[in-house]
Amino acid sequence: MIRAVKGTRDILPPSSAVWNGVESAAREVFRAYNYEEIRTPILEEKALFARSVGQETDIVSKEMYTFTDRDGSELVLRPEATASVMRAYIEHRLDQRPGVQKLYYIGPMFRRERPQKGRYRQFFQIGAEAIGSESPAVDAEVIEMVIEILRRVGIEDSQLLLNSVGCPKCRPGFVAALRDQLKDVVQRMCADCQRRSETNPLRVLDCKVPEDQPIIDALPSILDYLCEECRTHFDAVRSYLDDRGIAYEVRPRLVRGLDYYTRTTFEITHGALGAQNSLLGGGRYDGLAEALGSRVPAPGIGFSIGEDRLVMTVEESEPEKRRHEIDLYIAPLGDAALRHAALVARNLRRQGLCVELGADVKLKRAMELANKLGARYALLIGDTELASGTYVLKDMASGEQRSATRNQLLDSITRNSDKDR
RNA sequence: GCGGCUUUAGCUCAGCUGGUAGAGCGCCGGAUUGUGGUUCCGGAUGUCACGGGUUCGAACCCCGUAAGCCGCCCCA
């Protein structure tokens with residue numbers, strides 16, 4: 001048997017309905033904040049991510065699906081979308097369009113990691129980017145927007161973590177100070193930290209080993225090393241969030257794994273997701289455009305929601321799965337009725353009803369199917385009905401039956417459905 | 001990439017100290033042929049994840065592989 005490849009999966013009904021619900025909720029919020037959709041290719045040049053996400057990050061150095069195309073070019077399945085959006089922004093000179101460019105995307109990303117709950121090799125992200133402003137007001141609005149999306153899908157009990165990782169002007173000073181202090185204490189830390197202190201000292205701050213925590217707490221904080229501009233920017237973001245009544249926790253140790261982040265970084269976590277408790281992450285990337293070869297600066301900020309994890313959380317918080325319903329099941333009895341029923345069905349479908357036209361099965365079986373498929377009404381069409389021109393319309397919930405002419409059908413069904421809802 | 005646990009029907013699972021499989025739900029059919037939900041009766045479905053090994057005999061013991069889950073790493 002051929003199975004879905006490791007780390008990928010099929011999204012089947014009724015779960016697919018939850019996915020659609022999450023996506024349309026997001027689209028509505030994006031619309032309200034005047035974000036427009038961008039669709040970028042899943043295939044990109046490898047260099048795009050090496051230059052943006054960072055050659056030395058795990059994502060680029062060991063998790064990308066890479067292949068050499070027939071013409072020799074190195075291509076990858078995109079591991080994230082921000083780099084692609086920025087690439088498109090530069091390529092199509094979106095800086096020439098008026099105002100801040102506010103773009104959103106929904107689609108699959110690929111990273112070759114060890115799969116586990118909430119982590120897949122093909123996973124979906126819902127994300128947005130606001131490019132063309134370094135105003136802290138944009139940061140606050142972006143964060144507000146993503147919280148609105150969560151609220152819209154019924155998630156209220158999440159936690160917003162906030163930090164500033166500085167800029168190329170002040171971060172090197174912090175890293176140097178960190179290295180300096182680590183020299184004296186690193187031999188008392190876990191093996192991973194000993195390695196990280198050489199390769200990526202910032203990652204030491206993210207260590208979860210309990211014994212290391214007292215040591216880490218004594219290490220310098222990035223917030224004490226921010227330059228004047230970064231400090232002012234971060235304070236402004238915080239006060240704009242306060243204005244909105246958005247609660248957050250400053251986590252000086254929140255380090256993100258992509259090299260392009262500057263200044264504001266944030267993450268929203270949710271319990272019951274297990275080890276992969278991060279629902280979404282984001283941040284500012286003021287130097288990204290230049291890193292990708294743009295001659296005009298294009299400071300921006302964005303986020304990306306792990307849609308798989310969001311859907312998982314929604315499904316857990318609303319276990320009463322709404323049953324898939326259809327408006328009408330038509331049970332034709334005999335070939336003449338079947339032909340006639342097809343026309344009735346097409347007419348009602350054109351009016352917007354969800355109609356299932358039964359195959360030519362026995363009436364008992366037809367009613368059974370109408371019930372199992374969740375039909376609100378069943379319509380019986382047989383020789384008697386064809387002759388008289390009136391059909392038998394049955395309310396599946398109450399069991400009541402009455403006759404209706406073809407012209408009365410739509411009215412009978414919709415009027416009662418309005419009453420029910 | 002590393003470690004631990006798991007894998008039996010579509011789903012959730014049982015299966016004793018090795019004797020070649022079961023339940024519930026679901027699915028399909030029937031209970032006088034134009035009426036569902038409840039009930040009753042009946043039925044189908046498994047290479048017991050895959051490949052080796054031990055044994056007269058393996059779902060069960062051993063080895064390997066794969067997949068899933070849980071950690072690590074990393075991240076969404």
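If you're wondering where the values come from, they're calculated on a predicted model, not measured in any experiment. A, B, ... follow the sequence lines: proteins, then strands. Residue 1 opens every chain.
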*Using a cut-off of 4.0 Å on non-hydrogen atoms, how would the nucleic acid contact of Tyr120(A) be classed: base, sugar-phosphate, or nothing?*
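Base contact.
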*For Arg3(A), answer base if it contacts any base atom (sugar-phosphate contacts may also be present), sugar-phosphate if it contacts only those atoms, and nothing otherwise; contact means non-hydrogen atoms under 4.0 Å.*
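Sugar-phosphate only.
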When the [atom1] atoms of [M] and [N] are compared, how many Å lie between them, rounded to an integer?
N      : M      : atom1 : value
G46(B) : G34(B) : P     : 34 Å
A66(B) : G42(B) : P     : 46 Å
A67(B) : C75(B) : C1'   : 22 Å
A44(B) : U6(B)  : C1'   : 29 Å
C27(B) : U38(B) : P     : 10 Å
U45(B) : G52(B) : P     : 25 Å
G68(B) : A49(B) : C1'   : 11 Å
G3(B)  : G10(B) : P     : 33 Å

*What distance do Leu162(A) atom CG and Ile268(A) atom CD1 have between them, rounded to the nearest 0.5 Å?*
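Leu162(A) CG to Ile268(A) CD1: 10.0 Å, rounded to 0.5 Å.
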*Expected output: side-chain Arg119(A) to main-chain Arg114(A) donor-acceptor under 3.5 Å*: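 Side chain of Arg119(A) to backbone of Arg114(A): a pair is present.
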*asked:* Strictly distance-based, threshold 3.5 Å: is any side-chain N or O of Glu28(A) a donor or acceptor partner for the main-chain N or O of Ala25(A)?
replied: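 It does not hold such a pair.
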*Could you point out which residue of Leu357(A), Leu409(A), Val392(A) forms a side chain to side chain contact (heavy atoms under 4.5 Å, CB included) with Leu379(A)?*
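In the set Leu357(A), Leu409(A), Val392(A), the residue that makes a side chain to side chain contact (heavy atoms under 4.5 Å, CB included) with Leu379(A) is Leu409(A).
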*Presence of Arg112(A) side-chain N/O under 4.0 Å of G1(B) phosphate oxygens OP1/OP2*: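 Yes, within the criterion.
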*Looking only at side-chain N and O atoms, does Arg365(A) come under 4.0 Å of OP1 or OP2 in C28(B)?*
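So the side-chain polar atoms of Arg365(A) do come within 4.0 Å of the phosphate oxygens OP1 or OP2 of C28(B), strictly under.
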Over how many whole Å does the gap from [X] atom [atom1] to [N] atom [atom2] extend?
X         : N      : atom1 : atom2 : result
Asn277(A) : G71(B) : CG    : P     : 10 Å
Ile305(A) : C75(B) : CD1   : C1'   : 15 Å
Glu267(A) : C75(B) : CD    : P     : 10 Å
Lys6(A)   : A67(B) : NZ    : P     : 4 Å
Leu373(A) : C27(B) : CG    : C1'   : 13 Å
Lys117(A) : C70(B) : NZ    : P     : 5 Å
Leu202(A) : C74(B) : CG    : P     : 12 Å
Arg121(A) : C74(B) : CZ    : P     : 18 Å

*asked:* Checking contacts here: which listed nucleotide (C75(B), G68(B), C74(B)) is nearest the side-chain heavy atoms of Arg119(A)?
replied: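 So the nucleotide nearest the side chain must be C74(B).
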*If you check every side-chain atom of Gln116(A), which of C75(B), C70(B), C74(B) has the closest atom?*
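From the listed options, C70(B) comes nearest.
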_Side-chain donor-acceptor contact under 3.5 Å, Gln125(A) with Glu80(A)_ =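 Gln125(A) vs Glu80(A): no donor-acceptor pair found between side chains.
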*Nucleotide by nucleotide, 5' to 3', does protein get under 4.0 Å of the base (B), only the sugar-phosphate (S), or neither (-) in nucleotides 32-49 of chain B, counting heavy atoms?*
--BBBB------------
*Enumerate, in order of first residue number, the stems that involve RNA chain B, defined as 3 or more consecutive Watson-Crick or G-U wobble pairs with both distances under 3.5 Å.*
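Consecutive-pair runs (3 or more) involving RNA chain B: B:1-7 with B:66-72, B:10-13 with B:22-25, B:27-31 with B:39-43, B:49-53 with B:61-65.
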_Parallel, tilted or perpendicular: ring planes of Tyr260(A) versus Tyr285(A), cut at 30 and 60 degrees_ =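 Because their plane-to-plane angle is over 60°, the rings of Tyr260(A) and Tyr285(A) count as perpendicular.
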*Do Phe124(A) and Ile106(A) have side-chain heavy atoms sitting under 4.5 Å apart?*
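Phe124(A) vs Ile106(A): side chains apart.
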*Residue closer to the 5' end of RNA chain B, Gly7(A) versus Glu63(A) (nearest nucleotide)*: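 Here Gly7(A) is the residue nearer the 5' end.
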_Within 45 degrees of the ring normal and closer than 6.0 Å to the centroid, is that where the cationic atom of Arg111(A) sits relative to Phe123(A)?_
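Relative to the ring axis of Phe123(A), which defines the angle, Arg111(A) lies outside at least one limit.
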*Under 3.5 Å, is there an N or O donor on one side and an acceptor on the other linking the side chain of Arg114(A) and the base of C70(B)?*
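Between C70(B) and Arg114(A), which were checked side chain against base, a qualifying N/O pair under 3.5 Å is absent.
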*So which heavy atom on Val175(A) is nearest to which on Pro201(A), and how close?*
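In terms of heavy atoms, the two residues are closest at CG1-CG, 4.2 Å.
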*asked:* So which atom in Pro332(A) and which in Ala341(A) form the shortest heavy-atom distance, rounded to 0.1 Å?
replied: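 Where Pro332(A) meets Ala341(A) most closely, the heavy atoms are CB-CB, 4.0 Å.
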*Can the ring centroids of Tyr104(A) and Tyr35(A) be said to lie less than 6.0 angstrom from one another?*
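Ring centres of Tyr35(A) and Tyr104(A) not closer than 6.0 Å.
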